[in-house]
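Take a look at the structure set out below.
So that the names make sense, note that chain A is the first sequence line, chain B the second, and so on, each numbered from 1.
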There are 2 protein chains.
Amino acid sequence: MGTQSGHPSARQRLLDAADELFYRNGIANTGVDDVLARAGVSVATLYAQFSSKDGLLQASLLRRLDTWQAYWDEAIRAADSDQERLLAVFDALKLYREGQHSARWCAFLSTAVEIYETDHPAVDLIAADTALLTRRLCSLSEPIAGAGADQLAAAILLIYNGTLASFLRGSPEDPIGQGREIATLAASAFPTRPGPHHSSQVP
Amino acid sequence: MGTQSGHPSARQRLLDAADELFYRNGIANTGVDDVLARAGVSVATLYAQFSSKDGLLQASLLRRLDTWQAYWDEAIRAADSDQERLLAVFDALKLYREGQHSARWCAFLSTAVEIYETDHPAVDLIAADTALLTRRLCSLSEPIAGAGADQLAAAILLIYNGTLASFLRGSPEDPIGQGREIATLAASAFPTRPGPHHSSQVP
DNA sequence: TCCTTGGTAGAACGATCGTTTTGGTAGAAC
DNA sequence: GTTCTACCAAAACGATCGTTCTACCAAGGA
């Protein structure tokens, strides 16, 4: 299974092309031929790797979820206080966008716009992204807000959603810096919980 | 020109149907036939009223912009302090959604997802919505934050975007109440500007 | 050498899309 | 009574969509 060849495999290029086109121009507006042209891959290869266009979308979202989680892991690890760990979600977003990853705003929310109340497998991945956010933010809020952790996590999630949507709107400027500032304000509104409770493990 | 007949005209029903389908299931995923079926209108009538599907979308967004502005006007009028007037954008959103207006999250941001870097006339309406928000929030922030009005307005806009995107994500719960609380916190972080400067006119 | 793997090019499929056209109907205006 | 307006039903248009199929090619391992 030597998939790490000199240049990216057809599968990788298909995922890259899907990443770039689906979440920038819309999924329904992106034809299979557009993906093929950008990836430089033939039709038969696409349907050999993925069973359908929806399968490609599903694989693309799955890869993005993994990648995003890894970035978030790293940002949490780099933080050096409870508050910094909670705010690390904004640092992770910054690093993610600085990477080569094409991201207009958010792949999952973008997909959620086009797929709604269907049995599409992508809805599970959107839910998984939201579950990851909720679970981690609650866990990271606990050392700060204690019993009010759920409330603080909800506030951070809304601000995080606002950062993403601000990229989509194009306003205000610097949504990450702006969001991080507001999140800092929200975190400081909760009573600081002192104590040696230092959960270093990533939730 | 007796358009105010007993039951809504075909044009109104087309706009209502477009409102309900475009921003819930996506524009590209909504066929013209779907709109026609829901409106109970024939194809010929649609193309007599609007030149194309894009024309219908344009008209729908224009109506939404007007309606939304009227709701916001009313909410600002009902507020009785500078801070309440700034936060009235959340009250307006609450009233708008409580009305019969179908709204999954935001028609303009939803359209922005599907239409990007094109010469589609809808992009101007999306920009108009953002311009309205920016202009008003800056104006309403001025009595509170003075020279820092632009900063406060940017924060409120990000939180407002977060409220909308939270509806799309389905989390956190009660995005309007949550957003309003965070916005209150952001407003109180600015030095209160006392003084008789009471601009009662809507910007 | 043979055969599998992973790929390409290109035509063709049925379905669906936005749009146009044809022909007809009910009611108000003059 | 005729004309005009607003509307409907249904067929048809070319284009594009996602998907499948046929045929061929190059490299690697046994």
Side-chain angles (χ1 to χ4, degrees), chain A residues 1-61 111 114-116 118-122, chain B residues 1-61 111 114-116 118-122:
Chain A
M1 302 169 186
T3 49
Q4 50 263 48
S5 57
H7 66 99
S9 66
R11 185 185 175 91
Q12 296 291 331
R13 277 177 294 153
L14 280 170
L15 287 172
D16 291 341
D19 260 29
E20 194 145 336
L21 296 177
F22 280 168
Y23 315 121
R24 192 182 64 195
N25 304 328
I27 299 164
N29 285 323
T30 300
V32 169
D33 288 349
D34 298 331
V35 179
L36 295 174
R38 171 166 279 268
V41 160
S42 69
V43 209
T45 304
L46 190 152
Y47 285 92
Q49 294 286 340
F50 313 95
S51 59
S52 62
K53 182 188 180 183
D54 285 344
L56 173 61
L57 172 63
Q58 195 180 357
S60 161
L61 288 176
T111 304
E114 299 198 59
I115 292 172
Y116 187 52
T118 65
D119 54 356
H120 198 289
Chain B
M1 309 171 184
T3 49
Q4 50 262 52
S5 57
H7 66 98
S9 67
R11 184 184 175 90
Q12 297 290 331
R13 278 177 296 153
L14 282 170
L15 287 172
D16 291 342
D19 261 28
E20 194 145 334
L21 296 177
F22 281 168
Y23 315 120
R24 193 183 63 194
N25 303 327
I27 300 163
N29 284 322
T30 301
V32 169
D33 288 349
D34 298 331
V35 178
L36 296 173
R38 171 167 278 268
V41 160
S42 70
V43 209
T45 304
L46 189 153
Y47 285 92
Q49 293 287 339
F50 313 95
S51 59
S52 62
K53 183 188 180 183
D54 285 344
L56 173 60
L57 172 63
Q58 196 180 357
S60 161
L61 288 176
T111 304
E114 300 199 59
I115 291 171
Y116 186 52
T118 64
D119 54 354
H120 198 289

Rounded to the nearest 0.5 Å, what's the gap from CG on L46(B) to NZ on K53(B)? Could you check?
10.5 Å

With rounding to the nearest 0.5 angstrom, report the CG to CZ distance, L56(A) to F22(A).
4.5 Å

By salt bridge (Lys or Arg N to Asp or Glu O under 4.0 Å), which residues pair with D19(B), not counting sequence neighbours?
R63(B), R64(B)

Any non-hydrogen side-chain atom of L57(B) less than 4.5 Å from a side-chain atom of I115(B)?
yes

Minimum side-chain heavy-atom gap Y116(A)-N29(B) below 4.5 Å:
no

Pairing residues for A48(A) by the side-chain contact (heavy atoms from CB on, under 4.5 Å) criterion, not counting sequence neighbours:
none

Reckon G40(B) touches a base, only the sugar-phosphate, or nothing at all at heavy-atom distances under 4.0 Å?
sugar-phosphate

Give the minimum heavy-atom separation between L61(A) and A122(A), together with the two atoms involved.
CD1-CB, 3.8 Å

What integer distance in Å separates [X]:[atom1] from [N]:[atom2]?
X: E114(B); N: dC17(C); atom1: CD; atom2: P; result: 14 Å
X: N29(A); N: dG18(D); atom1: CG; atom2: C1'; result: 15 Å
X: L21(A); N: dC17(D); atom1: CG; atom2: C1'; result: 16 Å
X: D34(B); N: dG18(C); atom1: CG; atom2: C1'; result: 12 Å
X: F50(B); N: dT20(C); atom1: CZ; atom2: P; result: 15 Å
X: L57(B); N: dC17(C); atom1: CG; atom2: P; result: 17 Å

Using only side-chain N and O atoms of T45(B), determine if any of them is under 4.0 Å from OP1 or OP2 of dC8(D).
yes

Phosphate OP1/OP2 of dG7(C): any Q49(A) side-chain N/O under 4.0 Å
yes

Is there a donor-acceptor pair closer than 3.5 Å between any side-chain N or O of E114(A) and the backbone N or O of A28(A)?
yes

Pairs where residues 39-52 of chain A contributes a residue and the test side chain to side chain donor-acceptor pair (under 3.5 Å) is met, not counting sequence neighbours:
R11(A)-Q49(A), S42(A)-T45(A)

What one-letter contact string describes nucleotides 19-27 of chain D from 5' to 3', where B marks a base within less than 4.0 Å of any protein heavy atom, S marks contact via sugar-phosphate atoms alone, and - marks no contact?
BB-------

Paired stretches of DNA chain C - 3 or more consecutive Watson-Crick or G-U pairs, each distance under 3.5 Å:
C:1-28 with D:3-30

Working note: T30(B) + I27(B), criterion side-chain contact (heavy atoms from CB on, under 4.5 Å); need CA distance, chi angles, decisive distance, verdict.
CA-CA 5 Å; T30(B) 301; I27(B) 300 163; 5.9 Å; no

Would you say the side chains of Y23(A) and S60(A) form a donor-acceptor pair under 3.5 Å?
yes

Can you pull every protein N or O that's under 3.5 Å from an N or O on nucleotides 12-16 of chain D?
none

